[in-house]
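Before any comments, here is the structure.
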Amino acid sequence: AEDMYVIVSADDGAQVTIDIPAQSTSYTMSLNPGELKRQLISNSYSAAKADTLVDYAIHVTSNKEVSVYANNIAPATSDATSVIHTQSIPPEPSFIINPLDSNGATNAAQNNVFSIVPHDSGTLVEITPAATTNSGRAANVPFTKVLQKGQVFIVRSQNGYNLEGSTIKVLSPGKKASVFLGNDCIRVDCGACDHQYEVVLPNKTLGKNFVITPFYQAGNGYRFMVMSPKNNCIVYRNGVIADTIDAGETYSERMTEDSSLCITTSEPASVNQTMIGCNPNYTGDPATVAILPLEQSITSAIVSTANTSIIQDHFINVLVPKTGIQRFYLDGVKIDQANFNQVYCGDFYFYSDTVSAGSHSISCIDGFNTIVYGMGGYETYAYFAGASLKNLELSFEYDTVPNGDTGILVKFTPIPDTLSRYKWTFPPGAVADNDTFKSPVVYFPVAGNYNIRVAGYTAETGWDSTEQVAYVDDTTAKDFIPFKG
């Protein structure tokens, strides 16, 4: 059984509580601006190997925005994942379980698993496994579970079966859940196997444009897998049609060289990248990481290496647009643009290098996508940085409006702006001219970070909603010099 580290970082500092509600266990930590801390969670809370319900969910709350990562650690079997913010998960989310490529060898997939963590009590979920489960539930037959806060429902396959293409839907209005996938020990083009652990992105956060970058000095390429929750999804590889897949089907390929690759899809999709086991430079076992779409780029992050006694070498890959090669900073140091490599799909570049063990800050005002990973003797980990995802089916933009009085005026604009109706929810103290306008102007008494929610309606799809953090700052001048003619 593995121990786990819950890793929390905060750009602006934060007071953080880590709870295991059903076990009445709680930890607290204070983070200074730019600081990162780890909390060890004992393996006494590790889940049973049966297809079952356990009371070991971990909830992280804070008074300011933080990034959270989780790292399972055990000799020769570790992996890490990002943890998605509650605000980034839309109400009543749906998920599709991504593939964990095992080179087509059924005996390489041992105890394929996914877990569902409700955010609140009384959360009704519908689960449709793509294969027969450990408890004998039939493939492609939906069943439901009511989950309480603090619980985790774990679905495991029978040995030799894969759960990729399984679906999870939250049916309770306004309720949310998080989903994680993994495998106890999976082999990828090599006899050695390793533990896999990765968050599953909600379907509404999936994009259509991806760039996969090679693992630094791996020497033996990588595998990637593409899956969509939609039918008739055309997959383009470096601009050329590679395949058309239906919901739950997979397009997979092994890249034999350490080169970048551009993937575009006609429908929202998930893309996972997997290390090849037994790489010649580090003898690392495989690790899997979700590749965020270009639509989900971020501008800053604090990340951490996953330190074990075996993993001594840590790496970072950063993807930026062309303008970003002149404005990318790692640990406050500007990286020379000569260190970036151009990728095949237009004006994007990637930086790849070793990093020291510990925490690192990353920033680029033009936006970036990043993965952090490590390798050692029969050991690896990999995860994407940043966990503040946008609902790509519904989101919003905002701009400060000139205001000669006290307070701050902000105009909000929904994306898309073509829905039939809108409904906005603003925090106490904020005053909107009309919360059902498409683009309301809102008065905020002071600058700060505010949770804003917008709901949109069409007759075809009904209501959808999303919640984002708006960083409200007074960027307009209030001191006017009168013109004298």
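None of these values were measured; they are calculated from a predicted model.
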- Item | Short N-O contact, D120 and K176, less than 4.0 angstrom | no

- So, does H85 use its side chain to make a donor-acceptor pair with the main chain of V66 at under 3.5 Å? yes

- Task: Output the distance between atom CG (L292) and atom CG (L389), rounded to the nearest 0.5 Å.
- Result: 6.0 Å

- Give a yes-or-no answer on whether the side chains of T144 and E126 include a donor-acceptor pair shorter than 3.5 Å. no

- Can you find a side-chain donor-acceptor pair between T274 and T288 that sits under 3.5 Å? yes

- Message: Are N341 and S260 packed together at the side-chain level, in the sense that at least one heavy-atom pair is separated by less than 4.5 angstrom?
- Response: no

- Item | S228 and E267 side chains, donor-acceptor separation under 3.5 Å | no

- Item | Donor on one side chain, acceptor on other, D366 and T323, under 3.5 Å | yes

- Message: Do T250 and E164 pair up side chain to side chain, a donor and an acceptor below 3.5 Å, judged on atom types alone?
- Response: yes

- Query: Below 4.0 angstrom, N of the basic side chain to O of the carboxylate: do D243 and R237 qualify?
  - Reply: no

- Flag yes if more than 12 heavy atoms outside K169 fall under 6.0 Å of its NZ atom; otherwise flag no. no

- Would you please classify the geometry between the Y383 ring and the Y69 ring as parallel, tilted or perpendicular, with 30° and 60° separating the classes? tilted

- Could you tell me which residues satisfy side-chain hydrogen bond (donor to acceptor under 3.5 Å, both in side chains) with R421, sequence neighbours excluded, listed by chain and number? none

